[in-house]
Protein chains: 2
Amino acid sequence: MDIVQQIRDKGLKATPARQLVYGELTRSHMAFSHAELEALFIDMDRVTLYRILKDFEDAGLVHKVFDTQGSTRFAICHHTCPGKHHAENHVHFNCNDCGKMFCLQAVQTPEINIPGGFKVAGMHTLIYGSCEKCNHQSETNFPVNKTDELIE
Amino acid sequence: MDIVQQIRDKGLKATPARQLVYGELTRSHMAFSHAELEALFIDMDRVTLYRILKDFEDAGLVHKVFDTQGSTRFAICHHTCPGKHHAENHVHFNCNDCGKMFCLQAVQTPEINIPGGFKVAGMHTLIYGSCEKCNHQSETNFPVNKTDELIE
DNA sequence: TAAGTAAATGCAACAATGTTGCGTTTAAGA
DNA sequence: TCTTAAACGCAACATTGTTGCATTTACTTA
Ligand SMILES: [Mn+2]
Ligand SMILES: [Mn+2]
Ligand SMILES: [Zn+2]
Ligand SMILES: [Zn+2]
């Protein structure tokens with residue numbers, strides 16, 4: 001099913017701006033900050049972008065998450081998305097080096113028991129470290145004890 | 001050891017404002033938002049409060065966490081705190097009803113395996129639901145199938 | 001394919017949150 | 001008590017997000 005139809009199926013008009021945003025989010029499986037999207041679509045109005053993301057979120061097309069800096073990010077909802085609380089069923093990874101954030105769709109949030117009278121509704125799991133690309137780059141920049149072919 | 005000495009031990013002056021903030025954070029084991037602290041200390045300058053929290057964080061007296069809304073919160077570091085990354089070794093609970101956030105010092109962040117080339121440095125675990133107090137209140141307000149003594 | 005309409009956009013203004021610079025005050029050691 | 005680096009208070013600014021309103025546009029229906 002194409003992007004235009006996916007947007008329309010949620011009762012939203014498939015405007016050019018929406019197609020651009022939804023297209024970008026669909027192609028990569030990353031969680032984008034507002035700043036990142038603004039940089040990608042330089043002539044898109046700031047407020048329009050806020051509203052597009054809000055509308056997408058309400059429609060269940062994207063989910064909102066916060067990175068290790070507390071900044072808001074948006075990512076596409078996987079097709080197996082149960083709806084509004086999609087973001088809560090999988091783990092997110094935030095790279096300390098490049099700052100990018102990834103949805104690890106395949107990794108479910110773990111089970112956890114907590115004491116006291118707390119009634120658990122859900123959880124957010126945010127893992128941080130360095131992504132594959134940044135791992136490689138740091139190895140390339142500061143080779144320590146590697147064989148030649150690993151340095152590349 | 002008293003509050004004044006704990007602040008001084010980190011190389012900070014134990015000013016009245018700092019004693020108030022540190023005292024409050026020490027007594028309760030909650031993670032306070034900036035707004036909550038401003039409300040508690042109405043005649044404390046906004047900027048001073050920001051700087052106190054920043055200094056405490058740098059000194060390892062408190063740790064910064066984000067709640068389910070992405071809002072910044074600060075909580076005391078437990079005495080077994082390993083230092084800068086204290087916040088990462090225990091789980092936090094955020095009440096959906098009253099909005100309060102609790103440090104569950106006794107609950108360690110779980111182990112988790114993720115695929116791909118990601119290099120894990122740590123994780124944040126944020127559980128949400130309703131706290132003990134709010135559980136009770138909702139039972140009191142909307143009694144369904146309870147015995148009398150439970151409704152109280 | 002033209003017209004009608006609700007939805008979406010663009011712009012300005014505003015609100016909330018956090019930061020910086022700088023002159024004044026104060027905690028703590030001598 | 002004196003000295004001084006640290007902390008404070010205030011104003012100004014930056015960033016992020018929201019709201020109101022006039023204009024434009026995507027989609028429906030004729
Ligand atoms: Mn995600
Ligand atoms: Mn904590
Ligand atoms: Zn990276
Ligand atoms: Zn509560």
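What you see is a predicted model, and the numbers here were worked out from it, not measured in a lab. Just so you know, these numbers use all the heavy atoms, side chains as well, and skip hydrogens, waters and symmetry mates. In what follows, every chain begins at residue 1, and chains take the letters A, B, ... in the order their sequences are listed.
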Next on the checklist: Are the side chains of B:Phe93 and B:Phe102 in contact, using a 4.5 Å heavy-atom criterion?
Outcome noted: yes
Checklist entry - Counting any heavy atom closer than 4.0 Å, what does A:Ala35 reach on the DNA or RNA strands: base, sugar-phosphate only, or nothing? => result nothing
Next on the checklist: Students often get this wrong, so: under 4.0 angstrom with heavy atoms, is A:Thr72 touching a base, only sugar-phosphate, or nothing?
Outcome noted: sugar-phosphate
Checklist entry - Tell me, for nucleotides 19-30 of chain C in 5' to 3' order, what letter each nucleotide earns: B for a base near a protein heavy atom under 4.0 Å, S for only sugar-phosphate near one, - for neither? => result BBB----BBS--
Item to check | Side-chain heavy atoms of A:Asn96 within contact of A:Ser130, under 4.5 Å | outcome: no
Checklist outcome for this item: Rounding to the nearest 10°, end axes of the helix from C:dT1-D:dA30 to C:dA30-D:dT1 built from five pairs each make an angle of 40°
Checklist entry - Does the side chain of B:Leu53 reach to within under 4.5 Å of the side chain of B:Leu37, using non-hydrogen atoms? => result yes
Item to check | Sub-6.0 Å ring centroid separation between A:His92 and B:His124 | outcome: no
Item to check | Ion pair A:Lys54/A:Asp58, N-O distance below 4.0 Å | outcome: yes
Checklist entry - More than 12 non-hydrogen atoms from neighbouring residues, nucleotides or ligands closer than 6.0 Å to CD on A:Glu111, yes or no? => result no
Checklist entry - Side chains of A:Leu104 and B:Phe118: closer than 4.5 Å at any heavy-atom pair? => result yes
Next on the checklist: Of all nucleotides in DNA chain D that come within under 4.0 Å of a heavy atom of chain A, which is furthest toward the 5' end and which toward the 3' end?
Outcome noted: D:dT16 to D:dC27
Item to check | Side-chain touch A:Cys134/A:Cys98, heavy atoms, less than 4.5 angstrom | outcome: yes
Checklist entry - Just wondering, more than 12 heavy atoms not from B:Asp2 lying within 6.0 Å of its CG? => result yes
Next on the checklist: Is the distance from the ring center of B:His63 to that of B:His78 below 6.0 Å?
Outcome noted: no
